[in-house]
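Because only heavy atoms are used, hydrogens play no part in the values below, and waters and symmetry mates are left out as well, while side chains stay in. Sequential numbering from 1 along the given sequence is applied to the chain's residues.
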Amino acid sequence: MTADSLPQRQTGPVVADIFVGVAAGAGARIVRLARPFVEPVPPGWPSPVRAMAERGFRRRREAAELAQRVYRRVAPALVTDVLGRLDLPGIVRDVLAEIDLPEIIRASTGSVATESVRDVRIRVVAADDAVSRWFGGGRATPGHGR
């Protein structure tokens, strides 16, 4: 039986929620009880206890390294699977429709074009003034130059 073939009924709590509730309630108590066990081993403890703690520390570190290796191997496959299930073209279409990209392009292009035209006009006037000075006996365009 796969997850897709399970009944799609979610009308209220199910029996498994009892176990989740018990685990959640016990979790805080377990954390409080376990707190002394996550403190460093005091230097005055007997050497056999310290040796057990060292062995446990090494095993915990090995388990964490194994978990990281498994994660690094499994995570890309999970991400690929999730991305494969997404309708990315549909999401892109929805986002583009929502942000009205053509209007953004029109607005930004218009302001850039206006700025460019103004810059070209200023340069043409400056060039005209320079040409007038060279060939026209130093006469500048009225309102520009000198």
Salt bridge (Lys or Arg N to Asp or Glu O under 4.0 Å) pairs touching residues 63-72, sequence neighbours excluded, are none
Hydrophobic cluster membership, with links at side-chain heavy-atom distances under 4.5 Å among I/L/V/M/F/W/Y: are V82 and L88 in one?
no
Suppose we screen for side chain to side chain contact (heavy atoms under 4.5 Å, CB included). Which residues come up paired with V74, at least two apart in sequence or across chains?
V70, L78
Could you measure the distance from the CD atom of E54 to the CZ atom of F57? Nearest 0.5 Å is fine.
7.0 Å
Please check if I99 and V92 belong to a single hydrophobic cluster, counting links between Ile, Leu, Val, Met, Phe, Trp and Tyr side chain heavy atoms closer than 4.5 Å.
yes
Please identify each residue that fulfils side chain to side chain donor-acceptor pair (under 3.5 Å) with R123, with sequence neighbours left out.
D119
Counting only pairs under 3.5 Å, give me each side-chain donor-acceptor contact of residues 42-49, with atom names and distances, residues two or more places apart or in other chains.
none

My understanding is that only residues two or more places apart in sequence, or in another chain, count here; which of them pass salt bridge (Lys or Arg N to Asp or Glu O under 4.0 Å) with D87?
none
